[in-house]
Asks: 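Have a look at this one before I ask anything.
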Amino acid sequence: MNFVKELEWREMLHTSMPGVEEHLKEGMRSAYVGIDPTADSLHIGHLVSVMMLKHFQAAGHRPIALIGGATGMIGDPSGKSKERNLLDEETLRHNQESIKQQLARFLDFDSDAENAAKVVNNFDWMKDFSFLGFIRDVGKHITVNYMMAKDSVKKRLTAEDSEGMSFTEFTYQLVQGYDFLHLFNHEGCTLQMGGSDQWGNITTGTEMIRRIGNGKAFAITCPLITKSDGGKFGKTESGNIWLDADRTSPYVFYQFWMNVSDEDAAKYMRIFTLFSKDEIEELIKKHAEAPHLRALQSALAKDVTIRVHSEEDYNNAVAASNILFGKSTTQDLKKLSERDFLSIFEGVPQSDVDLSVIKDGLGIIELTAEKSDLFSSNGEARRMLKSNAVSLNKEKVDESKVVNSEDLLFGKYLILQKGKKNYYLISVS
RNA sequence: GGGGGGAUACUCAAGCGGCCAACGAGGACAGACUGUAAAUCUGUUGGUGUACACCUUCGCAGGUUCGAAUCCUGCUCCCCCCA
């Protein structure tokens with residue numbers, strides 16, 4: 001398999017340095033991508049980089065994931081990143097370990113294969129670097145002129161509404177560049193990959209390798225993932241979509257992919273799954289013939305959910321979705337066994353309410369806004385009710401609805417909906 | 001050190017003594033239409049109350065005024081130019 005060609009047809013190749021393809025053909029190579037360890041879980045925004053590593057390994061090369069313990073403290077001026085907080089080392093290690101676990105679902109770390117994946121943390125080689133040591137050994141070799149020419153820097157210096165740029169941020173590219181040099185020297189790593197916004201930072205690295213390491217290294221970037229409507233990829237109303245099941249339930253995770261627009265679905269298939277070109281084209285064709293069946297979204301959601309979570313989680317998510325999005329009614333809910341009922345709503349936000357509160361009747365507004373956090377204020381609850389957006393046990397209700405024990409399913413549950421897609425479970429005890 | 005500009009709700013961005021809970025745009029949420037899609041149309045987007053109303057909000061703290069996001073004083077932070 002030709003790694004570069006593979007990225008190309010998947011439209012995951014934005015820019016690459018001349019000669020990369022030949023370089024990779026010559027034998028096994030090592031490449032790395034950087035990952036911010038700001039949390040103990042990856043989110044789906046990270047997945048693109050992970051997939052690049054995956055393809056890289058599949059092509060017989062050796063992938064390295066670099067946890068940016070040091071760089072994460074600085075903040076990359078390429079993004080809109082605000083000031084970063086220093087993570088203490090304990091947290092850092094914890095995050096690193098958790099992230100590695102997640103990466104292991106995609107990459108082969110354990111086999112004896114020569115190209116087994118590896119995780120490194122730049123904190124390990126940066127923490128003991130003294131300031132003087134750094135400016136003497138590293139800073140000396142790169143001119144400010146060179147650094148200023150980077151888009152990420154230029155933008156910050158010239159923009160009219162610029163908020164300026166701290167020296168710390170300015171040096172970011174040196175620190176990241178040094179990572180590359182370090183990996184070049186210690187791991188024989190000759191390629192860095194990342195999002196297209198990383199191009200400038202990556203080339204500082206190859207430049208250092210050329211000047212300090214007297215070597216040749218390469219860069220490949222992929223396009224930043226967007227949504228067809230211009231929105232940010234991977235964000236929902238409730239925030240990031242995480243890989244960690246405790247942060248984002250498998251059900252919500254599955255739903256995220258099911259909800260992708262047609263236009264994006266084909267694109268995401270190429271990027272986030274390992275389906276072949278033919279298989280994807282076949283699915284696109286199938287989808288075009290019967291769009292309402294949403295072959296693309298289903299295949300995408302299935303593949304990614306199984307890979308990130310498990311077959312079982314996937315099956316549960318599908319079962320839940322069928323009930324939740326089918327034309328089911330209160331009757332259908334009642335027909336379920338309590339066990340099935342609970343497993344369906346497992347991934348749905350929940351809260352507990354005391355039976356005494358409800359027994360003698362409780363207004364729907366109070367229930368949704370005060371006794372649970374479906375809505376954040378009475379006003380919001382009232383507005384939503386006015387616009388006919390609220391359902392109780394799959395039936396639309398209005399402001400006058402008073403909830404009492406009659407409404408309980410299995411004698412202890414209430415299902416609330418905001419709009420079509422947002423479910424909320426209240427357990428009464 | 002000197003001079004100039006700025007800080008407004010999720011973001012951008014008006015307002016420059018009362019008609020301001022604050023124009024507009026984006027975003028977000030909801031409704032209709034659909035295919036749990038896109039596009040489109042409609043509504044909502046500080047809190048409490050059914051509502052005329054009231055309370056909290058325009059960097060922070062004071063002051064002037066019947067009345068301030070708007071004027072004054074001090075403070076904090078940011079940007080630009082000169083040294």
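A, B, ... follow the sequence lines: proteins, then strands. Residue 1 opens every chain.
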Asks: Using heavy-atom distances to pick each residue's nearest nucleotide on RNA chain B, tell me which of A:D262 and A:S376 is more 5'.
Replies: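 The residue closer to the strand's 5' end, by nearest nucleotide, is A:D262.
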
Asks: Return each pair, listed once, that meets salt bridge (charged side-chain N to carboxylate O under 4.0 Å, His left out) where at least one residue sits in residues 340-360 of chain A; pairs must be two or more places apart or across chains.
Replies: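 As it turns out, there is no salt bridge (charged side-chain N to carboxylate O under 4.0 Å, His left out) pair with a partner in residues 340-360 of chain A once direct neighbours are skipped.
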
Asks: Of the listed nucleotides (B:U48, B:G35, B:U36), which one gets closest to any side-chain atom of A:K421?
Replies: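 Taking heavy atoms from C-beta onward, the closest nucleotide is B:U36.
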
Asks: Using the P atoms only, state how far B:A14 lies from B:G59, rounded to an integer number of Å.
Replies: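 To the nearest whole Å, 14 Å.
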
Asks: For the pair A:K54 and A:D108, find out whether any cationic side-chain nitrogen is under 4.0 Å from an anionic carboxylate oxygen.
Replies: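 Salt bridge flag = no for A:D108 with A:K54.
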
Asks: A:N378 side chain N/O closer than 4.0 Å to the phosphate oxygens (OP1, OP2) of B:G47?
Replies: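 Looking at the OP1 and OP2 atoms of B:G47, neither is under 4.0 Å from any side-chain N or O of A:N378.
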
Asks: Can you tell me, in whole Å, how much space there is between the C1' of B:G67 and that of B:U76?
Replies: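 Between the two C1' atoms, the distance is 28 Å.
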
Asks: Would you indicate what A:Q297 reaches in the nucleic acid, counting non-hydrogen atoms under 4.0 angstrom: base, sugar-phosphate, or nothing?
Replies: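 If one applies the 4.0 Å heavy-atom cut-off, A:Q297 turns out to touch a base.
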
Asks: Regarding A:N259, tell me which of base, sugar-phosphate or nothing describes its non-hydrogen contacts under 4.0 Å with the strands shown.
Replies: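 Base: the residue A:N259, judged by heavy atoms under 4.0 Å, touches a nucleobase.
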
Asks: Give every residue pair that meets the salt bridge (charged side-chain N to carboxylate O under 4.0 Å, His left out) criterion with at least one member in residues 250-260 of chain A, sequence neighbours excluded.
Replies: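 Matches after skipping sequence neighbours: none remain.
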
Asks: Taking the side chain as everything from C-beta on, heavy atoms only, tell me whether A:Y314 gets closer than 4.5 Å to A:V308.
Replies: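 A side-chain contact is absent here, since even the closest heavy-atom pair is not under 4.5 Å.
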
Asks: Kindly say if A:S377 contacts the phosphate of B:U48, meaning a side-chain N or O under 4.0 Å from OP1 or OP2.
Replies: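 The answer is yes; a side-chain N or O of A:S377 sits under 4.0 Å from OP1 or OP2.
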
Asks: If you apply the rule ring pair (Phe, Tyr, Trp, His ring centres under 6.0 Å), what do you find for A:F180 with A:Y32, and how did you get there?
Replies: CA-CA 8 Å; A:F180 199 176; A:Y32 88 97; 5.6 Å; yes

Asks: Expressed as a whole number of Å, how far does the P atom of B:C60 sit from that of B:A7?
Replies: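 These two P atoms come out 13 Å apart once rounded.
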
Asks: As a test of reading the structure: which of B:A30, B:U34, B:A37 is closest to the side chain of A:S387, going by heavy atoms?
Replies: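 Out of B:A30, B:U34, B:A37, the nucleotide with an atom closest to A:S387's side chain is B:A30.
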
Asks: Out of B:G31, B:A37, B:U50, which has the shortest distance to the side chain of A:R382?
Replies: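 Among the listed nucleotides, the one closest to the side chain of A:R382 is B:U50.
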
Asks: Mapping A:V390 and A:Y254 to their closest nucleotides on RNA chain B, which lands nearer the 5' end?
Replies: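 This one resolves to A:V390.
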
Asks: Figure out the CZ/C1' separation between A:R383 and B:U48, and round it to whole Å.
Replies: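 Atom-to-atom, A:R383 to B:U48, this comes out as 12 Å.
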
Asks: Taking CG from A:L385 and P from B:G43, how many angstroms apart are they, rounded to a whole number?
Replies: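 These atoms are roughly 20 Å apart.
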
Asks: Rounding to a whole Å, what distance do you find between A:E380:CD and B:U45:P?
Replies: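 Whole-Å distance recorded here is 11 Å.
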
Asks: Please determine, for the side chain of A:F325, which listed nucleotide (B:A37, B:C29, B:U36) has the closest atom?
Replies: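 Selected nucleotide (nearest to the side chain): B:U36.
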
Asks: Parallel, tilted or perpendicular, judged at 30° and 60°: which one describes the rings of A:W257 and A:F233?
Replies: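 A:W257 vs A:F233 ring planes: tilted.
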
Asks: Does B:U36 have its OP1 or OP2 closer than 4.0 Å to a side-chain nitrogen or oxygen of A:N422?
Replies: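 Answer is no, no contact under 4.0 Å.
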
Asks: Please indicate whether A:K412 has more than 12 foreign heavy atoms, meaning atoms of other residues, nucleotides or ligands, lying under 6.0 Å from its NZ.
Replies: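 Check fails, neighbour count at 12 or below.
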
Asks: Between B:G15 and B:U64, how far is it from one P atom to the other, in whole Å?
Replies: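 That atom pair is separated by 28 Å.
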
Asks: Using the P atom on both, measure B:G3 against B:C75 and round to a whole Å.
Replies: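 Pairwise P distance, B:G3 against B:C75, rounds to 15 Å.
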
Asks: Rounded to whole Å, how long is the line connecting atom CG of A:L300 with atom P of B:G35?
Replies: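 A:L300 atom CG is separated from B:G35 atom P by 21 Å.
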
Asks: I'd like the C1' distance from B:A21 over to B:U57, given in whole Å.
Replies: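 Nearest-Å result for B:U57 against B:A21 at atom C1': 8 Å.
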
Asks: Taking atom P of B:A30 as reference, at what distance in whole Å does atom CE of A:M384 sit?
Replies: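 After rounding, the reported distance stands at 7 Å.
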
Asks: In whole angstrom, what separates A:K386's NZ from B:G49's P?
Replies: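 From A:K386 NZ to B:G49 P: 12 Å.
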
Asks: Using atom C1' in both nucleotides, what's the gap between B:C33 and B:G18 to the nearest angstrom?
Replies: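 Taking atom C1' in both B:C33 and B:G18, they lie 45 Å apart.
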
Asks: Measure the distance from OH on A:Y268 to P on B:A37 and round it to the nearest whole Å.
Replies: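 These atoms are roughly 15 Å apart.
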
Asks: Measuring from the side chain of A:P291 (C-beta onward, heavy atoms only), which nucleotide among B:U36, B:A30, B:G35 has the closest atom?
Replies: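 Nearest listed nucleotide: B:G35.
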
Asks: Determine the interatomic distance between C1' on B:A61 and the same-named atom on B:C66; round to the nearest Å.
Replies: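 My reading of the C1' atoms in B:A61 and B:C66 gives 24 Å.
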
Asks: A:K418 has an atom NZ; how far is it from atom C1' of B:U36, in whole Å?
Replies: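 Result: 16 Å.
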
Asks: Would you indicate whether the side-chain heavy atoms of A:I365 and A:E399 approach each other to under 4.5 Å?
Replies: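 Yes; the side chains approach each other to less than 4.5 Å.
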
Asks: Looking at A:R383 and A:E380, is there a salt bridge between them, counting it only when a charged N and a carboxylate O are closer than 4.0 Å?
Replies: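 Salt bridge absent between A:E380 and A:R383.
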
Asks: Starting from Watson-Crick (N1-N3 plus N6-O4 or O6-N4) and G-U wobble pairs under 3.5 Å, report the runs of at least three that RNA chain B belongs to.
Replies: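 Looking at RNA chain B, the stems formed by three or more consecutive pairs are B:1-7 with B:76-82, B:10-12 with B:24-26, B:27-32 with B:40-45, B:46-48 with B:53-55, B:59-63 with B:71-75.
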
